[in-house]
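Please read the structure below before turning to the comments.
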Amino acid sequence: MNAAAASLAIAWPSTDALWIMATGAVIAAACAVLGAFLVLRQMSMMGDAISHSVLPGLAAAFLVTQSYSIGPLLLGAVIAGLLTALLTQTLHRFARVPADASMGVVFTSLFALGVVLITQVKGVHFDKQCVFEGALELAPLYTVQWGSLQLPRALAVGLIVLGVNTVALVLLWKEFKLSAFDPALATTMGFPAGVMHYLLMTLVAVTAVASFEAVGSILVVAMLITPAATAHLLVDRLGPMVLLSAAIGAASSVLGYALAVHFDTNVAGMMAVAAGGLYGVAVLFSPRYGLLSTMLHNARLALRVIRDDLLGMLYRLEELGAERRLASRDARTAIGGGLLAWWGLASLQRNELVSRAGETLELTPAGRDAARQLVRAHRLWENYLVQFLGLPLDHVHEPAHRVEHYLDSGLQQSLRQKLDDANVDPHGREIPE
Amino acid sequence: MAPALEIHDMTVAYHRRPVLWDIDLQVPECKLVGIIGPNGAGKTTLIKAALGLAPLASGKVEIYGKPYVQQRHLVGYVPQRESVDWDFPVSVHDVVLMGTYGRLGWIRRPGRAERETAERCLDQVGMLPFAKRQIRQLSGGQQQRVFLARALAEQAQIYFLDEPFAGVDAATESAIVELLQTLRSDGRTVFVVHHDLETVREYFDYVILLNMRLVACGPVETTFTPESLQKTYGGRLTILDAAAEAMRQGDPGP
Amino acid sequence: MIALSLSMKVTLGAALLGGVAGVVGAFAVLRGRSLVGDMLSHAALPGVVLAFMLTGSRQLAALSVGALATGLAAIGLMTLVVRWTRTKEDAAIGVMLSSFFGLGVVLLSRATRSTTGGNSAGLNSFLFGEPGNMLNSDLLLLAGVGTAALLIVTLLFKEFKLVAFDADFAASQGWPATRLDLAMMALVAVVTIIGLPMVGVVLMAAMIIVPAATARMWTHRLHTLLLLAAAIGVFAGVVGSRYGRGVPAGPAIVLAAAAMFAASLLLAPQQGLLARFMHTVRLQRRVAQDHLLRSLYELAEPQPQETPAIDFESLQADRRWRPARLRRLLEKNQQQGLVTLSGGVVTMTPVGLRAAAEATRRHRLWELYMMRVAGAAADHVDRSADDVEHLLPAAVVLELEAELEADPKLAFAAPRVPPSPHEIRAGEGDR
């Protein structure tokens, strides 16, 4: 049974709860700022691999030194993390093992070694589950003195790591930025991609080791990858992306803790779930790259095409002879019918582009302007297709019908210039002004 | 007699953005056809669309008068060399044998007849001595020959070759051209994406000149002229680019 | 039911799992999907716990169905996200892996808390694997699923091979490439999930990846690779579960597989580090020998004789040889009867002269070829000169020879070397 369970009864929001949240948030931010670079360089899973290799590193360091002192343990784990990165690359380069497979081989093998080492050591009290889940709930129990302040040890460690990462990123900002974007260019400019790679890997390893005890491997992986992936969906520039990653990481921690307390369950796991949930929210609702905005955009587009088609149809009828009128039912059928056609017609009426006289439809002056604009685009494009693409006359209507919705006045203007201000379309119909 | 390949008003778009505009062409059978155009002109896309590998925004492709789906067995394909993992654990013979899979259908294994076909095709490209080699151990030209042999094993009427001469030595290039010419005289139609303008007249008897739209399509003598080349390579049509971008973004008009 | 001892059951199960995981893992590795196995095994956890919470049973079959459900959900979401957003595959795998696993941990913590007694304790075995809990029915399930998976791979071997190698080509022939691809992934998913209670979440990924990656170094044929991967998996399963000496079975199995991987890395033909090292050494030796012969020939060229004699100093100066190295090389050549060494003078034997002429000819042909068509042959430059006959058709070699003789600067000087017993032509160089 997880010993942490007992401490879960912490009342919300006690000082301990605040400490736990702060610890989680700081560690999450430390992971997330590095994660941005992992995600952009498409090596997110390296974060996974390195955080798993912490275990054999700790075990080996303990076996060698037979002590719990933090220095050797940290060193051992960092070395194991770097070894993972190095072996992965070596296998890929020199033994032609595919990159993903070599990563898989290396970190799983090292992890297996770690489990074996730990079970072989007598007298080590080792909670296997703790490897995954950490013991964030226990963070407030182990404190250190920092000036007059008594901080949880995990928080202090997290603050140090966050500080180290921040300093490294601030000092080497342009180098990291360049080598993440274009490693070859960075190398030619004197910032060897290899050096930058291993520098990043070292930072990741240090961060993973420092966070490991408090939050467990699962949360390290989650915070390395998920907040950065979320931020990538929301912003387009590296600086804001790194800051936003850190903020999202911290927010996930707070949210995760609140949920964990509410549902009386594991804190680290819930923080990972919260991070995943925020990612899901971004996938759905990101203003520019979200699924919802894409769907809305597509729906609006479909509606516009329908409206355009209706306007064009009415305009062409007017052109043929003013006395003919179109019944609204026929108009809807002509453009494919269904809900979308009905909605399109309704919105045209609402915008007072089309008016209804009894059962028949009629363009309003504003509608006629809009329709003229559209028919102009259509006929200009037909002209363009005939003159520049050499299409025969009976092949231009369909393509022009598809493109007409997208030709704004700027494009129409340049078409006009290209076509020497032609004022009739290839069929001999007038191009409206 | 229906033309070997007929494309009607075809527009190919990726994510709504058209990369080929309103292509309309016919190629009679028994021709060796060069598909010519600058980088980014949509040459590969044309082939992929003809093979049903790229989404058509409009129009249709017909092979001997019927849709591609019904005529697949008449079509052979040589993709670009970079499109596969050459470390894949297959021998030269295995790769060529893959050409016969389409005819075999589900579950059935290649038998003696298929093996013999594969060997014959390997022999045709002069690669029979290499049949047992792993494909990474071949030079670029040899890899290309293997891909060609695989297409031959499809025993098709129409072949589509995507840049078969890229990174290939001179000897292989002339061997491939010779083979393609034999195919043509056997009544096959061969489409080749090609880059080297100097050899067009020598290799092909029919050309498709392409730059986002069809510039010209016809016999090489009448079509491969300085004027049409000027139209093909003389810069992109900026209006097509602008319209394509507008369609991708789907921005509302004025 | 035959009564099996627990250790026998564990060994049988491990062998079965190793074999099946090796086979389906091969396709994952070849498709560049090694880490999908990792994601799947993590994503199975919430399904396992949910199934337990819903049914209240620890039947492996029920739990596996739950695991499969969330595993496939993770794959589905990953594919969706990669297809429709700007998140790349690696990040999508990482997000799904950690979020689903986090959910699993959360649910597990709920389950262990809400049920009194140790009924739910077995669920923890999905984290690290507890082969000791294995029941007869678990073994049967493993055998059944394994057989089904192997049967599918056997039946669809041709189709899987084609899609894994060249999906576009497969699609052009009318195969449903995407669906076959998904079928391969589904097989990986099913096998991953039935293996979880044996080896646990992290190490199941190793069962999928390591045997296949090991086998890949030994063979260039897919069916051999599959058989080999299966054999490696079985072997690792047996060794790890039987001879673990107190080490938990899961890590022991993985370490056995990893040991085979490491051994292969050293010893595999062609791809192994040792073979590569030997290859480099041999290549260096051959290059040195070629250089020596060419130096000898070029120094002898101005005054053609039956058995040209060259003094050691000028030979050494010709290429700045290290004297000791040159001497070793010459001694070896003396043993082969190509030169005789006496005092400071190297005398070429008629055989030696012929070999030297041949080496020089090859080199000059190659040089000429590179000069004529340098651009087109860029991917051949790393080949040594005696591949020339392989690479160039006979007609080209003849043409080049004619050119060599015509060009005074590159004069091949064939008339000046003693008559050779055979006409020196392409493909007849001694090797």
Side-chain angles (χ1 to χ4, degrees), chain A residues 92 95-99 101 288 293-294 296-305 307-308 311 369-370 372-374 376-378 380-392 394-419, chain B residues 7-13 15-18 20-26 42 56-60 85-89 134-137 208-218 223 227-228 231-232 234-254:
Chain A
H92 177 50
R96 283 247 195 80
V97 183
R288 202 169 314 164
S293 72
T294 313
L296 264 177
H297 184 77
N298 288 345
R300 266 206 300 267
L301 203 62
L303 185 66
R304 203 179 81 220
V305 168
R307 283 169 48 128
D308 285 0
L311 286 174
D369 281 345
R372 193 179 292 129
Q373 178 78 269
L374 191 78
R376 182 196 300 142
H378 182 95
L380 281 171
W381 194 253
E382 286 190 339
N383 258 351
Y384 183 74
L385 291 180
V386 169
Q387 283 191 26
F388 285 84
L389 269 65
L391 291 193
D394 55 341
H395 282 248
V396 291
H397 177 75
E398 275 301 313
H401 192 64
R402 275 199 313 277
V403 178
E404 62 188 14
H405 316 286
Y406 305 98
L407 302 176
D408 60 12
S409 53
L411 262 167
Q412 290 185 19
Q413 195 55 43
S414 25
L415 274 169
R416 240 188 204 194
Q417 281 168 8
K418 276 266 178 213
L419 297 168
Chain B
I7 296 179
H8 287 288
D9 297 337
M10 179 185 79
T11 294
V12 186
H15 301 287
R16 269 207 304 264
R17 184 197 168 103
L20 278 176
W21 291 81
D22 308 315
I23 307 287
D24 212 21
L25 59 84
Q26 294 189 354
L56 301 193
S58 73
K60 59 179 176 179
D85 168 17
W86 289 93
D87 281 323
F88 200 87
Q134 199 272 335
I135 50 177
R136 167 62 80 192
Q137 300 160 357
I208 296 173
L209 295 173
L210 216 58
N211 189 354
M212 296 170 75
R213 82 292 186 191
L214 182 71
V215 176
C217 169
T223 314
E227 302 84 74
S228 55
K231 267 170 86 181
T232 313
R236 294 163 77 91
L237 296 184
T238 47
I239 291 199
L240 277 189
D241 267 332
E245 192 51 31
M247 287 179 83
R248 181 179 74 83
Q249 295 182 344
D251 273 341

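Naming: A, B, ... by sequence-line order, numbering from 1 per chain.
Side-chain contact between Ser58(B) and Arg402(A) is present, with heavy atoms from C-beta onward closer than 4.5 Å. Counting only heavy atoms from C-beta outward, the side chains of Leu240(B) and Tyr384(A) approach each other to under 4.5 Å. Taking the side chain as every heavy atom from C-beta outward, Ile239(B) and Phe388(A) never approach each other to under 4.5 Å. A heavy-atom distance below 4.5 Å is not found between the side chains of Thr11(B) and Pro399(A).
Proximity to chain B involves both the backbone and the side chain of Leu415(A), based on heavy atoms less than 4.5 angstrom apart. Proximity to chain B (any heavy atom under 4.5 Å) is restricted, for Leu391(A), to the side chain, taken from C-beta onward. Contact of Asp87(B) with chain A is made through the side chain alone, with heavy-atom distances under 4.5 Å.
Trp381(A) and Ala243(B) make their closest contact through CH2-CB, 3.8 Å (heavy atoms, listed as atom of the first residue, atom of the second, distance). Heavy atoms only, all atoms of each residue included: Ala242(B) and Leu411(A) are closest at CB-CD2, 3.6 Å.
When atom types are taken as modelled, the side chain of His297(A) and the backbone of Gln249(B) share a donor-acceptor pair closer than 3.5 angstrom.
Atom NE2 of His92(A) sits in a sparse spot, with 12 or fewer heavy atoms from other residues, nucleotides or ligands closer than 6.0 Å.
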